Amino acid sequence: MSGVIVTNPPKADAKDVEALAGFGVATVSEALGRTGLLGPEIRPVQQGVRVAGTAVTVLSWPGDNLMIHAAVEQCGEGDLLVVTTTSPCTDGLFGELFATALQQRGVRGIVINTGIRDTQELREMGFAAWSRAVSSQGTVKATGGSVNVPIAIDGQVIHPGDVILADDDGVVVVPRARARETVERSEAREAKEAATRAAFIDGQLGLDRYGLRDTLKNLGVEYKTYEDYAGERP
């Protein structure tokens with residue numbers, strides 16, 4: 001497998017990345033039209049952490065972390081490493097030594113579509129990580145791959161420079177060209193949710209706020225007293 005290492009790809013504006021970091025993954029995915037989510041198998045190794053960064057992408061051979069070493073050189077302040085392999089793999093391609101090198105370069109975390117190890121050390125050093133598996137299985141450094149090329153994880157295409165937002169609920173990718181639009185849509189969604197939250201605190205029901213009583217009626221759902229319901233049963 002040959003490959004390519006692309007240097008200095010364009011990135012989303014840092015102000016938009018910081019703004020997106022203020023929203024949850026669920027909010028941003030809704031703002032994108034319920035798109036952009038990686039699958040639920042990509043889970044955090046820590047809790048209570050939310051990060052956003054610009055993607056540095058890695059395409060590796062299964063069981064081989066050579067291209068992660070190559071990617072470290074391409075990472076800088078505000079980036080987030082995103083790694084996948086050419087076929088499914090759960091080996092521990094990433095651990096504490098990689099995190100140490102990346103942390104020194106200002107990298108905010110990693111999303112990896114394989115296994116990860118040294119999870120206790122990662123939590124202790126405050127390096128945020130999301131992975132498909134946790135595995136101590138070691139790897140080799142023997143096969144070429146690519147850095148900063150488009151990759152796909154769970155049907156989502158990730159380009160270098162896209163925004164990656166990750167928290168306890170999962171991971172969402174925001175295309176670089178849509179970062180500003182997504183910030184604005186997320187702000188509007190949060191304002192709408194704040195108004196709904198206030199209404200619920202005041203005792204309003206979702207059935208009324210969302211006009212769902214007519215929906216139930218149109219679907220043929222009926223209200224019956226317990227006595228009437230029990231009397232109809234054989």
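Since this is a predicted model, take the numbers as computed values, not measurements.
- For Phe23, there are no ring-ring contact (aromatic ring centres under 6.0 Å, His included) partners, not counting sequence neighbours.
- Between Thr86 and the choices Leu59, Ile151, Asp64, the side-chain contact (heavy atoms from CB on, under 4.5 Å) rule is met once, by Leu59.
- Atom OG1 of Thr54 and atom CD of Glu77 lie 10.0 Å apart (nearest 0.5 Å).
- Contact check on Arg108 versus Glu18 returns a salt bridge, with a Lys/Arg side-chain nitrogen under 4.0 Å from an Asp/Glu carboxylate oxygen.
- The stretch residues 94-106 participates, sequence neighbours left out, in these side chain to side chain donor-acceptor pair (under 3.5 Å) pairs: Glu96-Thr100.
- Qualifying salt bridge (Lys or Arg N to Asp or Glu O under 4.0 Å) partners for Glu121, counting only residues two or more places apart in sequence or in other chains: none.
- Minimum interatomic distance between Gly92 and Thr139 (heavy atoms only, all atoms of both residues): O-CG2, 3.9 Å.
- At a threshold of 4.5 Å between non-hydrogen side-chain atoms, the residues Lys11 and Asp79 count as touching.
- Evaluation of the ring pair (Phe, Tyr, Trp, His ring centres under 6.0 Å) test over residues 213-234, restricted to residues two or more places apart or in two chains, returns none.
- In terms of the salt bridge (Lys or Arg N to Asp or Glu O under 4.0 Å) criterion, residue partners of Arg185 (sequence neighbours excluded) are, by chain and number, Glu181.
- Summarising the geometry of Pro88 relative to Pro62, their closest heavy-atom pair is O-CB, 4.5 Å, with the distance given to 0.1 Å.
- Both Val51 and Val82 sit in one connected hydrophobic cluster of ILVMFWY residues. Membership requires side-chain heavy atoms under 4.5 Å apart, directly or through other members.
- Chaining together hydrophobic side chains whose heavy atoms lie under 4.5 Å apart leaves Leu97 on its own.
- No donor-acceptor pair under 3.5 Å is formed between the side chain of Asp169 and the backbone N or O of Val25.
- Within the structure, side chain to side chain donor-acceptor pair (under 3.5 Å) pairs that include any residue of residues 125-134 comprise Asn113-Arg132, Arg132-Asp154 (at least two apart or interchain).
- A continuous path of hydrophobic side-chain contacts links Leu38 to Val49 [ILVMFWY only; heavy atoms under 4.5 Å].
- Residues Arg50 and Leu165 are in side-chain contact: their nearest non-hydrogen atoms beyond the backbone lie under 4.5 Å apart.
- Here the CG atom belonging to Asp13 is positioned 10.5 Å from the CG atom belonging to Leu20, to the nearest 0.5 angstrom.
- Applying the side-chain hydrogen bond (donor to acceptor under 3.5 Å, both in side chains) rule to Arg189 yields the partners Glu193; only residues at least two apart in sequence or on another chain are considered.
- Annotation: side-chain hydrogen bond (donor to acceptor under 3.5 Å, both in side chains) contacts of Thr215 (sequence neighbours excluded): none.
- Applying the side-chain hydrogen bond (donor to acceptor under 3.5 Å, both in side chains) rule to Lys192 yields no partners; only residues at least two apart in sequence or on another chain are considered.
- Ile42 is connected to Ile164 through a chain of hydrophobic side-chain contacts under 4.5 Å among Ile, Leu, Val, Met, Phe, Trp and Tyr, so both are in one cluster.
- The two atoms that bring Leu32 and Pro175 nearest to each other are CD2-CD, 4.4 Å, heavy atoms only.
- To the nearest 0.5 angstrom, Thr85 atom OG1 is 9.0 Å from Ile153 atom CD1.
- The CG atom of Leu212 lies 15.0 Å from the NZ atom of Lys217; values are rounded to the nearest 0.5 Å.
- To the nearest 0.5 Å, atom CZ of residue Arg178 and atom CG of residue Asp16 are 13.0 Å apart.
- Heavy-atom minimum distance, His159 versus Pro150: CD2-CG, 3.6 Å.
- Here Arg197 pairs with nothing under the side-chain hydrogen bond (donor to acceptor under 3.5 Å, both in side chains) rule; sequence neighbours left out.
- Contact annotation: the side chain of Leu216 approaches that of Leu207 to within less than 4.5 Å [non-hydrogen atoms, C-beta and beyond].
- The minimum heavy-atom distance linking Val174 with Asp162 is given by the pair O-CB, 3.5 Å.
- Placement of Val173 and Val111 within a single hydrophobic cluster is found when ILVMFWY residues are connected by side-chain heavy-atom separations under 4.5 Å, directly or transitively.
- Taking all atoms of both residues into account, the shortest heavy-atom contact from Arg43 to Pro40 is CD-O, 2.9 Å.
- Rounding to the nearest 0.5 Å gives a distance of 12.0 Å between OG1 of Thr57 and CG of Leu80.
- Using a 4.5 Å cut-off between side-chain heavy atoms of Ile, Leu, Val, Met, Phe, Trp and Tyr, Met67 falls into a hydrophobic cluster with Ile5, Val45, Val56, Val58, Leu66, Ile68, Val72, Leu81, Val83, Leu93, Phe94, Phe98, Leu102, Val107, Ile110, Ile112, Ile116, Leu122, Met125, Phe127, Val134, Val147.
- Residues Asn148 and Thr7 have side chains not in contact (no heavy-atom distance under 4.5 Å, counting atoms from C-beta outward).
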